[in-house]
Undergrad: 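Once you've had a glance at the structure underneath, I'll fire off some questions.
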Amino acid sequence: MNRSFSDFCNRFKLLSQKNQKIIGNTLSNIFTMRLVGNKTHGDLAEIGIAEFINQFMYDYRCEHVGKDLFRAKKHEEDIVIISELNDRERIPVSLKAYGDGPLQLSTDKSSKLFGKLREEIPEGTCDRDIIEELFLSEEFEEFGKINVLPLIYREKKMQCNIMVFDFAKAKEETAKIVYVNIGEKFVPHRGIVKEKGRLYPIFMFLNKNDEYLCEVRYGAKAANALQRGLWTHTKNASAYFDSLTGWVDYSHNLTLVKLLALALNATESAHREVNALLQQDIDRLRNFNGR
């Protein structure tokens, strides 16, 4: 996490602590979109969080990059946050919306991370000296530079959280990297044991107590997005996350679902009228927040 993104996260956290109802309202509306489709909430989270920043964070503004620019992206960004107090610096951010569990931090489409690890750790495990060299390598130069803003939800409990993985802490405390092959799993303090079900190998990053930090998945041509890249786990690596909101209870907004259904069948002139009413409501929320 770079300094500018860290400053933004601290500012976001302060706003959330000051008035959790505002971010809770936005998150409730975002996760209501799971009623529309299992993946709909992820796409709408991008425009919802971008607009939240524009409406409630006076020292930042935000742009939604959009899917049309996907192939031209240098980074994995979904939104770009712009600091109004720091020469309008642009901060690319990858926004994720995942359940409380496995979380992809980077896609690593070229499989350079896994390839480097396979090259440097032929025996399947390594000590701290090799780990420090790996983190200084060209292949790992993006580790920690990717600004990831995850929206995590517990669907059964109807809770959500915005929590950021601490790359710097993970790098500092990685004490062991272990290769886990197909049909195997790693058990703390026991090592590798046989297990059915794993289709692709991984490299698992552990601290000195054999506790999980993150993992690099294989990512060959035959692998899909869930089987490649840099991953962590929000439950197993909870000590390596910083929560910006805490766990927020949310509820489904069925009125919003109806609004979307009506909006898709209404005219643009009606949309303009509704937009004006919605902006008035947001202005009331913003004034209540004491901005």
Undergrad: Rounded to the nearest 0.5 Å, how far does CE of Met158 lie from NZ of Lys156?
TA: 14.0 Å

Undergrad: Assert yes or no for the condition that the ring centre distance of His252 to Phe31 is strictly below 6.0 Å.
TA: no

Undergrad: Go through Asn161 and Leu244 one step at a time and tell me if the side-chain contact (heavy atoms from CB on, under 4.5 Å) criterion holds.
TA: CA-CA 7 Å; Asn161 196 344; Leu244 305 188; over 6 Å; no

Undergrad: Determine the minimum heavy-atom distance between Leu134 and Phe140, stating which atoms define it.
TA: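 Where Leu134 meets Phe140 most closely, the heavy atoms are O-CB, 3.2 Å.
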
Undergrad: Could you tell me whether the side chains of Ser83 and Glu89 share a donor-acceptor contact shorter than 3.5 Å?
TA: no

Undergrad: Look only at the side chain of Asn209 and the backbone of Glu211, and say whether a donor-acceptor pair between them is shorter than 3.5 Å.
TA: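 Checked: no pair found.
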
Undergrad: Rounded to the nearest 0.5 Å, how far does NZ of Lys96 lie from CE of Met163?
TA: 15.5 Å

Undergrad: With hydrophobic residues grouped by side-chain heavy-atom distances under 4.5 Å, do Met204 and Phe241 end up in a single group?
TA: no

Undergrad: Begin from the C-alpha positions of Ile152 and Cys160 and carry the test side-chain contact (heavy atoms from CB on, under 4.5 Å) through to its verdict.
TA: CA-CA 5 Å; Ile152 305 299; Cys160 55; over 6 Å; no

Undergrad: Give the ring-plane orientation class for Tyr240 versus Phe165, where under 30° counts as parallel, over 60° as perpendicular and anything between as tilted.
TA: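 Taking Phe165 first and then Tyr240, their aromatic rings sit tilted (interplane angle of 30° to 60°).
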
Undergrad: Please check if Ile202 and Val216 belong to a single hydrophobic cluster, counting links between Ile, Leu, Val, Met, Phe, Trp and Tyr side chain heavy atoms closer than 4.5 Å.
TA: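 Result: no, two separate clusters.
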
Undergrad: Please enumerate all residues that pass salt bridge (charged side-chain N to carboxylate O under 4.0 Å, His left out) together with Lys157, with sequence neighbours excluded.
TA: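 Here no residue qualifies.
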
Undergrad: Kindly say whether Leu213 contributes a backbone atom to a donor-acceptor pair with the side chain of Thr232 at under 3.5 angstrom?
TA: yes

Undergrad: Are Tyr250 and Leu260 linked, directly or through intermediate hydrophobic residues, by side-chain heavy-atom contacts shorter than 4.5 Å (ILVMFWY only)?
TA: no

Undergrad: Main chain of Glu132, side chain of Lys171: is a donor-acceptor contact present, judged purely on distance under 3.5 Å?
TA: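 It does not hold such a pair.
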
Undergrad: Looking at every non-hydrogen atom in both residues, tell me the closest pair between Arg228 and Trp231 and how far apart they are.
TA: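 Minimum heavy-atom contact is O-NE1, 2.8 Å.
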
Undergrad: Any sub-3.5 Å donor-acceptor pair from Asp7's side-chain atoms to Arg11's backbone N or O?
TA: no

Undergrad: Give the C-alpha distance, both sets of side-chain angles, the deciding distance and a yes or no for side-chain contact (heavy atoms from CB on, under 4.5 Å) between Asn253 and Val257.
TA: CA-CA 7 Å; Asn253 183 352; Val257 177; over 6 Å; no

Undergrad: Atom OG of Ser94 and atom CG of Leu105: how far apart are they, to the nearest 0.5 Å?
TA: 8.5 Å

Undergrad: Would you call the rings of Tyr179 and Phe203 parallel, tilted or perpendicular if under 30° counts as parallel and over 60° as perpendicular?
TA: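 It falls in the tilted class, 30° to 60°.
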
Undergrad: Quick one: closest heavy-atom pair of Ala175 and Lys208, and the distance?
TA: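 Closest heavy-atom pair between Ala175 and Lys208: CB-N, 3.6 Å.
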
Undergrad: Check whether Ser238 reaches the backbone of Thr234 with its side chain - one donor and one acceptor, N or O, closer than 3.5 Å.
TA: no

Undergrad: Could you check whether the rings of Phe135 and Phe143 sit parallel, tilted or perpendicular, using 30° and 60° as the cut-offs?
TA: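 Tilted: the ring planes of Phe135 and Phe143 meet at 30° to 60°.
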
Undergrad: In this structure, which one of Val93, Ile53, Asn147 forms a side-chain contact (heavy atoms from CB on, under 4.5 Å) with Phe8?
TA: Ile53

Undergrad: Run the side chain to side chain contact (heavy atoms under 4.5 Å, CB included) test against Lys176 and tell me which residues pass, sequence neighbours left out.
TA: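 Result, side chain to side chain contact (heavy atoms under 4.5 Å, CB included) vs Lys176: Thr125, Val178, Leu206, Asp210.
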
Undergrad: Residues two or more places apart in sequence or in another chain: which of them pass side chain to side chain contact (heavy atoms under 4.5 Å, CB included) with Gln279?
TA: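 Side chain to side chain contact (heavy atoms under 4.5 Å, CB included) list for Gln279, sorted by chain: Gln55, Ile282, Asp283, Arg286.
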
Undergrad: Between Tyr200 and Phe114, does the ring centre distance come in under 6.0 Å?
TA: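 When the ring centroids of Tyr200 and Phe114 are compared, they turn out to be at least 6.0 Å apart.
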
Undergrad: So, for Ser28 and Ser251, which heavy atoms are closest and what is the spacing to 0.1 Å?
TA: OG-N, 3.4 Å

Undergrad: Under a 3.5 Å distance rule, please check whether His233 uses its side chain to pair with a backbone N or O of Leu103 as donor and acceptor.
TA: no

Undergrad: Do Ile30 and Tyr153 come close enough that some side-chain heavy atom pair is under 4.5 Å?
TA: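 Counting from C-beta outward, Ile30 and Tyr153 never come under 4.5 Å.
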
Undergrad: Near Glu119 CD, under 6.0 Å, is it more than 12 heavy atoms from other residues, nucleotides or ligands?
TA: yes

Undergrad: Side-chain heavy atoms under 4.5 Å apart, restricted to Ile/Leu/Val/Met/Phe/Trp/Tyr: what other residues fall into the cluster of Val187, or is it alone?
TA: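 When side chains under 4.5 Å apart are linked, the cluster holding Val187 also contains Val193.
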
Undergrad: Is it the case that the side chain of Glu195 and the backbone of Phe186 share a donor-acceptor pair, with hydrogens and angles ignored and the cut-off at 3.5 Å?
TA: no

Undergrad: Between Asn181 and Glu184 (side chain of the first, backbone of the second, donor and acceptor by atom type, cut-off under 3.5 Å), is there such a pair?
TA: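 No; zero donor-acceptor contacts below 3.5 Å.
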
Undergrad: Counting C-beta onward and ignoring hydrogens, is there a side-chain heavy-atom pair between Gln20 and Val248 closer than 4.5 Å?
TA: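 Yes, close enough: below the 4.5 Å cut-off.
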
Undergrad: NE2 of His64 to CG of Asp43: how many Å apart, nearest 0.5 Å?
TA: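 Those atoms lie 7.5 Å apart.
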
Undergrad: With sequence neighbours left out, write down each residue that passes salt bridge (charged side-chain N to carboxylate O under 4.0 Å, His left out) with Arg88, or none if nothing qualifies.
TA: Glu84

Undergrad: Measuring from atom CZ of Phe167 to atom OG of Ser6, what distance do you get when rounded to the nearest 0.5 angstrom?
TA: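 Phe167 CZ to Ser6 OG: 13.0 Å, rounded to 0.5 Å.
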
Undergrad: Would a single hydrophobic cluster contain both Ile91 and Phe12, if residues Ile, Leu, Val, Met, Phe, Trp and Tyr are joined by side-chain heavy-atom contacts under 4.5 Å?
TA: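 Per the 4.5 Å side-chain linkage, Phe12 and Ile91 are co-clustered.
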
Undergrad: So do the side chains of Val65 and Asp78 get within less than 4.5 Å of each other, counting heavy atoms only?
TA: no

Undergrad: Which pairs pass salt bridge (charged side-chain N to carboxylate O under 4.0 Å, His left out) with one or both residues in residues 247-271, sequence neighbours excluded?
TA: Glu268-Arg272

Undergrad: Look at the side chain of Asn54 and the backbone N and O of Arg61, then say whether any donor-acceptor pair between them is shorter than 3.5 Å.
TA: no

Undergrad: Report yes or no: do Ile81 and Ile49 belong to one cluster of Ile/Leu/Val/Met/Phe/Trp/Tyr joined by side chain heavy-atom distances under 4.5 Å?
TA: yes

Undergrad: Do you know the tightest heavy-atom contact between Thr267 and Ser269?
TA: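 Looking at all heavy atoms of both residues, the shortest contact is OG1-OG, 3.0 Å.
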
Undergrad: So which heavy atom on Ala45 is nearest to which on Leu151, and how close?
TA: CB-CD2, 4.0 Å

Undergrad: Say you draw a straight line from CD1 of Ile47 to CD of Glu51; how long is it, rounded to the nearest 0.5 Å?
TA: 9.0 Å

Undergrad: Begin with the C-alpha distance, continue with both residues' side-chain angles, and end with the deciding distance and a verdict on side-chain contact (heavy atoms from CB on, under 4.5 Å) for Lys116 and Glu138.
TA: CA-CA 9 Å; Lys116 181 65 175 178; Glu138 180 181 349; over 6 Å; no

Undergrad: Would you say that Asp242 contacts Lys13 through its side chain, given a criterion of any heavy-atom pair below 4.5 Å between the two side chains?
TA: yes

Undergrad: Strictly distance-based, threshold 3.5 Å: is any side-chain N or O of Asp166 a donor or acceptor partner for the main-chain N or O of Ala168?
TA: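 Side chain of Asp166 to backbone of Ala168: a pair is present.
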
Undergrad: Quick one, Ser106 and Glu142 - any side-chain contact, counting heavy atoms below 4.5 Å?
TA: no

Undergrad: Less than 4.5 Å apart, any side-chain heavy atom of Leu117 and any of Phe205?
TA: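 Yes, at least one pair of side-chain atoms sits under 4.5 Å.
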
Undergrad: Heavy-atom distance under 4.5 Å between the side chains of Pro102 and Arg217, does that happen here?
TA: yes

Undergrad: Taking the side chain as every heavy atom from C-beta outward, state whether Leu199 and Ile182 have any pair of such atoms under 4.5 Å apart.
TA: no

